[in-house]
Amino acid sequence: MTFSTKVKERRHKGGSEMSRLRPAVEQSPHPAAPRLTRSAASQARLGGPGPPKELAPGPYGKQRRKHTDSALAQELSQMRVSGQESPLGHALDGVNMRHASRSSTQNDQPAPSPPVKEGPRARVKSSSRGGLASVARLLKLGRCKNIVVVAGAGISTASGIPDFRTPGTGLYSNLERYDLPYPEAVFNIDYFSECPQAFFSLARELYPGRHRPNYIHYFIRSLHLRGLLLRVYTQNIDGLEKMCGIPEDKLVEAHGNFTTASCHLCYTPYPAEDAKVAIMSGDVPTCSFCAGTVKPDVVFFGEDLPQKYFLHSEDFPKADLLIIMGTSLQIEPFASLVNTVRASVPRLLLNRHAVGPFLKTPLRRADHLELGDLLDSVQRMAHLLGWSAEIEELMRSQGAIVSRVD
Ligand code: CNA
């Protein structure tokens, strides 16, 4: 089974393989998809190397086959039908993605990339502040013992890693010289085939070792140390969750990581350290078997998410608190995952803007949001909980710099 990731706004490019913009509340008319792949709305805009219709196998190709008949695929498809619609229109459904063909998209012209919408504070009627206190109270009362964290690039900006979409500072601006048709093209496998240097440039930025985890990562670890963390699902590929000491079994790096590498054509494994040395020195590592370009096993659009991702089907129904941090919720599966906790379960969004289901008004009864700088919010949350000193001590013990926002 494979996964689709998708962006919430997508422009219809014409042609069956391309996606259509579709509001998030629409329902997919498609039947359960036996396979889903990661795809981005903006790939639809690209036209050229858009999401493959006949899925080219990815580095997780074996897993894809393994999951083909999984009941989980059906569940995910239903999840999409019942809660999240694909802004890509049908192309985001596993079925469409499954039948997408790379070659058939190659002559399409790129369409302009519409700005990603995030909810301005004014649209959110409910208080955009105050969510912290409510959730901290629940935690103090011992009501939350199976916390699921869903994280995105925003948790790492305090570590000096830009996110994608923040205007001015986003990684996209650093990749301008590659003339990417849209930010996520850097994770497009066909684009990579033509221009690996765009991704390698990003990889040089994100390879573990250059950046350190920040207070937010340690806050999540602190949840774990208190026995409250069921799992953290991160879209990040920077490895900072692992680096701060969140154990492997508590962590789902849904978009892969740099720990392993393989040929993007034949999936022959390649020594990750050799790939890193080549990429860091500006070379292109090539497969000794087929001479294809090697890449770290970061999940590109059209490739399978790691098998571990499927833990979500057990975790989310079990969660008694969902904390969503630093993500625009533009890419599936995350956008859908946040809707799979029970309706009575509190969801706390910590982000600069309202996103995903937090754009709807009125908010769900158990929804809380705290808008503003994430580091500030998390530090205030820790303060409310009385955890600040412990987290700072934890950081110092690992040589991390403690910077306080008072
Ligand atoms: P995104 O689409 O860039 O969204 C980030 C979100 O975080 C936005 O809503 C921002 O407003 C918000 N944000 C950023 N900084 C702060 C802050 N200091 N305080 C509060 N809110 C903030 O990133 P997503 O994670 O949603 O998108 C998923 C993509 C981006 C994944 O495929 C990632 O692999 C990819 N990405 C990863 C990294 C990384 O690993 N660190 C960096 C950049 C992009």
Side-chain angles (χ1 to χ4, degrees), residues 3-9 38-43 113 115-121 128 149-175 180 182-188 199 201-203 205-208 210-217 233-243 253-258 296-303 305-306 309 324-335 337-338 349-356 358-359 369-381 403 405:
F3 260 94
S4 289
T5 46
K6 63 194 180 192
V7 176
K8 290 244 168 180
E9 292 200 329
R38 181 186 182 191
S39 68
S42 18
Q43 283 185 301
S113 178
V116 168
K117 276 189 201 158
E118 287 193 317
R121 291 181 193 200
S128 60
V149 174
V150 166
I155 74 164
S156 292
T157 54
S159 295
I161 303 175
D163 66 1
F164 258 153
R165 294 180 177 83
T166 296
T169 59
L171 281 169
Y172 188 36
S173 45
N174 296 334
L175 296 171
L180 294 175
Y182 58 90
E184 295 86 355
V186 73
F187 294 125
N188 180 296
F199 172 71
S201 173
L202 181 69
E205 189 66 34
L206 293 178
Y207 254 116
R210 282 199 61 178
H211 301 276
R212 306 283 309 166
N214 64 60
Y215 196 99
I216 303 160
H217 298 97
Y233 287 76
T234 185
Q235 297 165 95
N236 293 346
I237 53 176
D238 55 33
L240 295 185
E241 295 90 355
K242 212 180 291 169
M243 198 184 290
E253 293 173 309
H255 292 174
N257 54 46
F258 290 92
D297 289 335
V298 165
V299 180
F300 276 34
F301 298 112
E303 295 187 316
L305 300 197
Y309 176 78
I324 304 157
M325 297 173 145
T327 171
S328 57
L329 288 183
Q330 295 288 315
I331 298 182
E332 290 293 352
F334 283 81
L337 282 185
V338 301
L349 173 71
L350 304 176
N351 208 45
R352 197 168 272 138
H353 312 274
V355 294
F358 294 83
L359 285 167
L369 53 147
E370 189 75 18
L371 302 184
D373 181 70
L374 187 52
L375 180 59
D376 172 57
S377 298
V378 171
Q379 288 187 331
R380 282 188 296 113
M381 176 91 165
S403 61
V405 181

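Whatever order the structure lists ligands and atoms in, that order sets their numbers, starting from 1. Predicted, not measured: the structure shown is a model, and the values here were computed from it.
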Close-contact set for ligand 1 against I161 heavy atoms, below 4.0 Å: 41 (N)
Any non-hydrogen atom of S377 lying under 4.0 Å from ligand 1? no
Heteroatom distance test (I331, ligand 1): nitrogen or oxygen, under 3.5 angstrom: no
4.5 Å side-chain heavy-atom contact, N257 and I237: no
For ligand 1, which atoms sit closer than 4.0 Å to a heavy atom of H353? 11 (O)
Looking at P306 and G256, what are the two nearest heavy atoms and their distance? CG-N, 4.4 Å
Looking at non-hydrogen atoms alone, which of V378, D163, I155 comes nearest to atom 10 (C) of ligand 1? D163
Hey, which atoms in ligand 1 end up nearer than 4.0 Å to a heavy atom of G326? 5 (C), 6 (C), 7 (O)
Which ligand 1 atoms, with their elements, are less than 4.0 angstrom from a heavy-atom of D373? 17 (C), 18 (N), 19 (N)
I need the I155 CD1 to N214 CG distance, nearest 0.5 Å. 7.0 Å
Between L374, D373, V378, which is the residue that forms a side-chain contact (heavy atoms from CB on, under 4.5 Å) with D376? D373
Got T157 and L375 here, is their nearest side-chain heavy-atom distance under 4.5 Å? no
Under a 4.0 Å heavy-atom limit, does T157 contact ligand 1 with its side chain, its backbone, both, or neither? side chain
Taking G152's backbone N and O only, do any of them form a donor-acceptor pair with N236's side chain (distance below 3.5 Å, no angle check)? yes
Relative to the heavy atoms of G152, which atoms of ligand 1 are at a distance of less than 4.0 Å? 25 (O)
If you measure from each non-hydrogen atom of A153 to ligand 1, which part falls under 4.0 Å: side chain, backbone, both or neither? both
Would you mind listing which atoms of ligand 1 come within a distance below 4.0 Å of any non-hydrogen atom of T327? 6 (C), 7 (O), 9 (O), 24 (P), 26 (O)
Identify, by atom number and element, the atoms of ligand 1 in contact range of G372, meaning under 4.0 Å from any of its heavy atoms. 19 (N), 20 (C)
Quick one: does F187 get an N or O within less than 3.5 Å of an N or O on ligand 1? no
Heavy-atom contacts with H255 under 4.0 Å: which atoms of ligand 1 show up? List them by number with element. 31 (C), 32 (O), 34 (O)
For residues V298 and F187, determine if any side-chain heavy atom of one lies less than 4.5 Å from a side-chain heavy atom of the other. yes
Compare all side-chain heavy atoms of H211 with those of E205 and state whether any distance is below 4.5 angstrom. yes
Are S377 and M325 close enough, and set up right, to give a side chain to side chain contact (heavy atoms under 4.5 Å, CB included), and what steps lead you there? CA-CA 10 Å; S377 298; M325 297 173 145; over 6 Å; no
Please check this pair: side chain of Q235 against backbone of A153, looking for a donor-acceptor N/O pair closer than 3.5 Å. no
Is there a heavy atom of Q330 sitting under 4.0 angstrom from any atom of ligand 1? no
With a 4.0 Å cut-off on heavy atoms, is P162 touching ligand 1? yes
